[in-house]
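Comments concern the structure below.
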Amino acid sequence: MAYRFGLDKAGAIRGRPHIIARQLKGDAEAQRHYQEAADAALARCFPMPVTSAFGAILGESPLYLRFVNTPPTSAYQINSNITLFAPQ
């Protein structure tokens with residue numbers, strides 16, 4: 001699952017996060033649970049505390065956050081995405 005979203009100056013998600021990629025495996029119920037867990041993680045993690053200086057520049061760039069369920073690989077970190085790996 002990959003999301004694109006922006007944050008406001010207080011560290012809250014602006015609007016609704018856009019799902020920009022989804023490659024879910026398993027049956028329909030497993031896929032639904034994975035998407036619900038990713039959505040819940042976003043809801044729990046934001047708003048995030050930010051300094052006023054950082055908050056002032058948050059609106060300038062979109063953030064890309066990916067949730068993956070594979071072993072961590074350095075190749076996932078070659079771009080500007082933030083990747084969260086499932087616990088092993």
Side-chain angles (χ1 to χ4, degrees):
M1 296 284 303
Y3 295 90
R4 183 185 75 226
F5 56 91
L7 298 178
D8 65 18
K9 65 182 179 177
I13 294 176
R14 288 191 327 253
R16 183 180 171 112
H18 298 282
I19 296 173
I20 57 171
R22 179 181 4 220
Q23 184 178 10
L24 303 177
K25 301 192 187 228
D27 61 27
E29 184 175 351
Q31 291 180 25
R32 182 178 57 77
H33 283 297
Y34 193 88
Q35 180 158 351
E36 287 174 354
D39 291 341
L42 284 177
R44 280 191 314 271
C45 294
F46 295 95
M48 63 180 215
V50 296
T51 64
S52 57
F54 185 58
I57 63 169
L58 280 174
E60 296 180 12
S61 300
L63 299 175
Y64 298 90
L65 178 64
R66 299 183 318 151
F67 293 93
V68 297
N69 195 17
T70 60
T73 306
S74 60
Y76 281 113
Q77 303 302 331
I78 60 175
N79 54 31
S80 62
N81 289 338
I82 301 166
T83 302
L84 300 177
F85 292 94
Q88 295 296 311

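All of these numbers come straight from a predicted model, not from anything done at the bench. Sequence positions, counted from 1, serve as the residue numbers for this chain.
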**Message:** Can you list everything that forms a side chain to side chain contact (heavy atoms under 4.5 Å, CB included) with Thr51? Sequence neighbours excluded, please.
**Reply:** Ala53, Phe54
**Any Tyr3 side-chain heavy atom under 4.5 Å of Asp39 side chain** = yes
**Item:** side chain to side chain contact (heavy atoms under 4.5 Å, CB included) partners for Ala30, two or more places apart
**Value:** Asp27
**Shortest non-hydrogen contact between Arg14 and Asp8, atoms and distance** = CG-N, 3.6 Å
**Message:** So for atom CD, which belongs to Glu36, do other residues, nucleotides or ligands contribute more than 12 heavy atoms lying within a distance under 6.0 Å?
**Reply:** yes
**Request:** Check Met1, Arg4, Arg66 against Ile20 for a side-chain contact (heavy atoms from CB on, under 4.5 Å) and give me the one that passes.
**Result:** Arg4
**Complete:** All heavy atoms of Leu24 vs all of Gln35, minimum pair found to be CD1-OE1, 4.4 Å
**Request:** Specify the closest pair of heavy atoms between Phe46 and Gly11, including all atoms of both residues, with the distance to one decimal.
**Result:** CD2-O, 3.6 Å
**Asked** Going from CZ on Arg22 to CZ on Phe67, what distance comes out if it is rounded to the nearest 0.5 angstrom?
**Response** 13.5 Å
**Message:** So which atom in Val68 and which in Tyr34 form the shortest heavy-atom distance, rounded to 0.1 Å?
**Reply:** C-OH, 3.4 Å
**Asked** Which heavy atom of Gln31 sits nearest a heavy atom of Lys25, and at what distance?
**Response** CG-O, 3.5 Å
**Fill in**
Closest non-hydrogen contact found for Pro17 with Leu42 is CG-CD1, 4.0 Å
